[in-house]
Structures are given as structure tokens and as C-alpha cells.
Amino acid sequence: MLAFPFINNKMASSSFPITTTAFVLLFLSLTSNVFNLAAKHSHSSSIKAIKNPRLQKAYIALQAWKHVIYSDPRNMTSNWVGPSVCNYTGIYCAPFPNDTKVQTVAGIDLNHGNIAGYLPDELSLLNDLALLHLNSNRFCGILPLSFSNLTFLYELDISNNRFVGPFPSVVLSLPSLKYLDLRFNEFEGPLPPQLFSKNLDAIFVNNNLFTSTIPSNLGSSSASVVVFANNYFGGCLPPSIANFANTLEELVLSNISLSGCLTPEVGFLYKLKVLDVSNNKLAGPIPYTIAGLAHLELINLAHNMFSGIVPEGICVLPKLSNFTFSYNYFCEEQGICSNLTSKGIVYDDRRNCLPEKPVQRNKKECDAVDEHPIDCLAFHCGT
């Protein structure tokens with residue numbers, strides 16, 4: 001047993017014993033308080049050393065963030081020390097637009113850091129942030145509602161992390177947002193229709209757990225790239241997709257449980273370069289309207305239930321370089337479609353019902369499709 005040497009006289013006279021373990025714990029507690037006071041003093045001194053109020057707020061925000069990062073294997077935040085926030089790794093400063101003599105934090109890029117932690121509310125102090133790139137880390141939790149203060153935010157990339165919960169509705173309140181990338185997380189539930197009323201240029205929501213149908217106002221946006229792949233939407237592709245006509249260049253809807261027929265309004269997307277609806281439950285013929293998409297470079301219809309004829313109008317599109325329609329029930333390839341290799345086009349027509357072509361479905365499967373023709377008019381979007 002040890003007597004605690006710093007005990008007062010009254011306690012000493014009572015001969016109250018204290019164990020070695022208790023002594024160590026009490027000592028650590030006292031020293032921890034000393035260090036905490038020192039850290040607070042240092043933190044306060046650092047803030048006072050920053051004359052620019054915008055960088056003061058940035059310092060508070062970044063220190064709060066560093067405090068909730070519990071794994072940083074590449075030491076990307078190891079130099080997040082002291083008042084010079086513009087020298088921190090991944091932090092980019094620029095002149096404030098309304099006063100170019102004042103520096104402010106305009107961008108954060110911690111892509112591929114494998115950092116683990118979460119996003120604290122204090123990040124909303126970065127009011128002037130235009131770019132936030134956190135691709136390929138291990139951030140978890142949800143996006144703070146306080147992000148609504150990031151009114152200059154133009155690009156938000158939180159892809160390939162561990163974020164959860166419903167669609168982060170706070171992004172709908174960001175007036176400057178143009179690029180939204182939520183790929184490879186664990187968001188769930190429906191997509192809000194308001195997403196397609198925003199003036200976004202790129203929408204990436206693929207590889208999450210989103211469900212329900214694609215909102216019927218799809219196409220009210222002005223996006224050039226829309227990627228929904230690898231979710232659980234179901235239903236059909238709304239005809240409102242035609243409203244994307246003046247902007248959309250890439251449409252990727254693979255593996256989202258689409259059903260019914262492919263709406264002919266897809267053929268109105270005259271700027272389209274990439275169309276991928278593979279791995280769904282789409283049936284019926286290919287809409288012939290697609291033959292009017294002169295900029296189309298890649299078409300992937302594989303792993304569906306399409307049937308009928310592969311029209312030559314698609315196969316002679318001037319920029320077509322890759323056409324995949326394997327694992328369907330097509331019974332005829334018109335004209336050059338049977339030999340696209342001669343045009344230098346990569347194509348795959350396996351597992352269809354094409355006579356005299358190798359690696360096709362058996363007669364029983366093909367006859368079953370012939371006996372139950374698809375009436376596309378019988379399908380109604382969302383049912």
C-alpha cells in the first residue's frame with residue numbers, strides 16, 4: 001500500500017489507504033487535465049494568430065474534423081497542426097470572390113486516403129468551400145444537415161465510403177451544386193423527385209441500396225451524365241427521360257430491376273453517346289427511335305428479355321463502336337448487324353435465338369417467347 005503524498009491533513013489523519021492502481025489513475029487524470037488545458041491554450045493561441053476571420057473559422061472546422069478521424073494510414077492529416085491551414089495536406093486556398101485580397105479555403109481533396117471517421121457539424125464553417133472530394137475513404141455516418149451553409153459548393157464527391165441512411169436531402173438545398181457523386185455507399189430508400197429539379201450536370205447514385213421506382217419527373221434536370229446502376233428501383237423508365245434531350249450524353253441504368261419495354265423516348269436523346277440498360281427485365285423490341293441517335297458510341301442491352309429484330313438502322317450509326325445485345329431473345333439481325341466486325345464494331349450476340357449463329361439459346365426457350373409476344377402498350381410506368 002502507498003500513502004498518497006499530496007493528500008490534505010484531514011485525509012492523512014484518517015489514514016485512508018490508496019492502492020498503486022488508484023494512484024496511477026489519479027495521477028493520469030491530473031496530468032491529462034494539465035495537457036488538456038495546454039492544448040486549449042495552444043488552440044486559442046492559434047486562432048488568435050490568424051488575422052483572417054475566414055481562415056479562423058476554417059481552422060476551427062478542420063481541427064474539429066481531425067479530432068473525429070480515428071484512422072489515417074497515409075498520414076494525410078498529420079500536418080493539420082497550427083494556424084496555417086492553407087499549408088495542410090488536401091486543403092486548397094484561393095482568393096475570396098467578393099474580396100480577392102482575402103484568402104479562404106476553397107477546396108478539399110482527400111481522395112484515396114483510406115481515412116476513417118465521420119463528418120462533423122463544424123465543417124459547415126467552411127462557407128466558401130467550392131469543392132469537396134472524399135472519394136475512396138472510410139467515412140461513415142450521415143451528411144450533417146449543417147452542410148446547407150455551404151452555399152458555394154459546386155462539386156460534392158463522397159463516393160466509395162460508408163455513408164448510410166436515406167438520400168442525403170441536405171444536398172437539395174445547395175444552390176451552387178453541379179456535380180453530385182454518391183456512388184458506392186449504403187444510402188437507401190427512394191430518390192427524392194426534387195433531385196431532378198436541380199440544375200445538376202452530373203448525377204452519380206450507383207452502387208447503393210436505393211429502392212422504389214425512378215421518379216416520374218426524371219429529365220427535369222439538365223444533366224449530361226446520369227448513372228443509377230446497381231440499385232433496386234424496379235418499374236419502368238419514365239417517358240419524361242425525353243426532357244434530357246438537350247443535355248444528356250451518358251445514361252447508365254444497368255442492374256436496377258427495370259421492367260416493361262424500353263420507352264421510345266430514349267430515341268429523343270439526340271446527344272446521347274452511352275446507353276447501358278443491361279441486366280434488367282426489359283422486354284419487347286428495341287425502340288427503332290434509337291436509330292436516330294447519331295452520336296451514340298456504346299449500346300449495352302445484354303441480360304434482358306428483348307425479342308424480335310435487331311434493326312439495321314442501329315448497326316449503321318456513324319459513331320457506333322460497341323454494341324452488346326447478348327442474353328436476350330432476338331430472332332433476327334438485319335443486314336450488317338449479323339457481321340459488325342466487318343465495320344470494326346465490337347459486338348456480342350450470344351445467347352439469343354439467332355438461327356445459324358453459335359452459342360444461342362435452345363429451341364424450347366425461343367419457342368416459349370414466340371408463344372407469348374409482348375404488348376408494350378400494356379405496360380404502364382410505375383406499375
Pairs of donor and acceptor atoms involving the side chains of residues 99-108, under 3.5 Å and at least two apart or interchain, shall be tabulated with distances.
from, atom 1, to, atom 2, distance (Å)
Asp99, OD1, Lys101, N, 3.3
Thr104, OG1, Asp128, OD2, 2.5

Quick one: do Phe268 and Tyr270 satisfy ring-ring contact (aromatic ring centres under 6.0 Å, His included)? Show the steps, please. CA-CA 6 Å; Phe268 298 173; Tyr270 67 94; over 10 Å; no
Mind listing the closest non-hydrogen atom pair of [X] and [Y] along with its distance?
X      : Y      : answer
Asn304 : Val277 : ND2-O, 3.0 Å
Leu172 : Lys198 : O-NZ, 3.5 Å
Asn114 : Asn137 : N-OD1, 2.8 Å
Leu123 : Leu150 : O-CD2, 3.8 Å
Asn79  : Met76  : OD1-O, 3.9 Å
Cys353 : Gln360 : N-OE1, 3.4 Å

Which pairs of donor and acceptor atoms, one on a side chain in residues 331-339, lie under 3.5 Å apart (sequence neighbours left out)?
from, atom 1, to, atom 2, distance (Å)
Glu333, OE1, Lys357, NZ, 2.9
Gln334, OE1, Glu312, N, 3.1
Ser338, OG, Gly335, O, 3.2

Any luck finding a side-chain donor-acceptor pair between [X] and [Y] under 3.5 Å?
X      : Y      : value
Asn279 : Ser254 : no
Asn300 : Thr324 : no
Asn255 : Asn230 : yes

Who pairs with [X] by salt bridge (charged side-chain N to carboxylate O under 4.0 Å, His left out), at least two apart in sequence or on another chain?
X      : result
Asp367 : Lys363
Glu188 : none
Lys281 : none
Arg138 : none

Output the distance between atom [atom1] ([X]) and atom [atom2] ([Y]), rounded to the nearest 0.5 Å.
X      : Y      : atom1 : atom2 : result
Leu253 : Leu258 : CG    : CG    : 6.0 Å
Arg183 : Asn185 : CZ    : CG    : 10.5 Å
Ile214 : Leu191 : CD1   : CG    : 8.0 Å
Asn135 : Ile158 : CG    : CD1   : 10.5 Å
Leu129 : Leu125 : CG    : CG    : 11.5 Å
Thr211 : Phe233 : OG1   : CZ    : 8.0 Å

Give the table of side-chain donor-acceptor pairs shorter than 3.5 Å for residues 235-243, with sequence neighbours excluded, one pair per line with atom names and distance.
from, atom 1, to, atom 2, distance (Å)
Ser240, OG, Ser216, O, 2.6
Ser240, OG, Leu218, N, 3.4
Ser240, OG, Leu218, O, 2.6
Asn243, ND2, Ser240, O, 3.4

All side-chain contact (heavy atoms from CB on, under 4.5 Å) counterparts of Val274, not counting sequence neighbours: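 Per chain and number, Val274 pairs via side-chain contact (heavy atoms from CB on, under 4.5 Å) with Glu250, Val252, Leu298.
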Cation-pi geometry met for Arg350 and Tyr327 (6.0 Å, 45°):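 No cation-pi geometry.
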Hey, can you tell me if [X] and [Y] have their rings parallel, tilted or perpendicular (30° and 60° cut-offs)?
X      : Y      : result
Phe204 : Tyr179 : tilted
Phe196 : Phe228 : perpendicular
Trp65  : Phe139 : tilted

How about [atom1] on [X], more than 12 heavy atoms from neighbouring residues, nucleotides or ligands closer than 6.0 Å, or not?
X      : atom1 : result
Lys66  : NZ    : yes
Tyr154 : OH    : no
Ile142 : CD1   : no

If the condition is side-chain hydrogen bond (donor to acceptor under 3.5 Å, both in side chains), which residues does [X] pass it with, not counting sequence neighbours?
X      : value
His303 : none
Asp157 : Ser159
Tyr92  : none

Membership question, hydrophobic clusters at under 4.5 Å side-chain separation (ILVMFWY): are [Y] and [X] in the same one?
X      : Y      : value
Tyr288 : Leu269 : no
Val227 : Leu251 : no
Val164 : Leu134 : no
Ile256 : Tyr232 : no
Phe184 : Leu143 : no

Do [X] and [Y] come within less than 4.5 Å of each other through their side chains, counting heavy atoms only?
X      : Y      : value
Asn322 : Ile345 : no
Phe187 : Pro168 : yes
Val171 : Leu156 : yes
Thr89  : Thr77  : no
Phe163 : Glu186 : no

Which pairs with one or both residues in residues 91-154 pass disulfide (SG to SG under 2.5 Å), sequence neighbours excluded? Cys86-Cys93
Could you walk me through whether Phe306 and Tyr329 pass side chain to side chain contact (heavy atoms under 4.5 Å, CB included), step by step? CA-CA 6 Å; Phe306 287 114; Tyr329 294 89; over 6 Å; no
Would Asp349 and Phe325 count as a side chain to side chain contact (heavy atoms under 4.5 Å, CB included) if you check the C-alpha gap in whole Å, the side-chain angles of each, and the deciding distance to 0.1 Å? CA-CA 5 Å; Asp349 62 3; Phe325 49 94; 3.2 Å; yes
Could you walk me through whether Ile314 and Phe323 pass side chain to side chain contact (heavy atoms under 4.5 Å, CB included), step by step? CA-CA 9 Å; Ile314 294 176; Phe323 187 12; 3.9 Å; yes
I would like to know whether Leu262 and Ile286 meet side chain to side chain contact (heavy atoms under 4.5 Å, CB included); could you show each step before the answer? CA-CA 7 Å; Leu262 185 59; Ile286 303 175; 5.8 Å; no
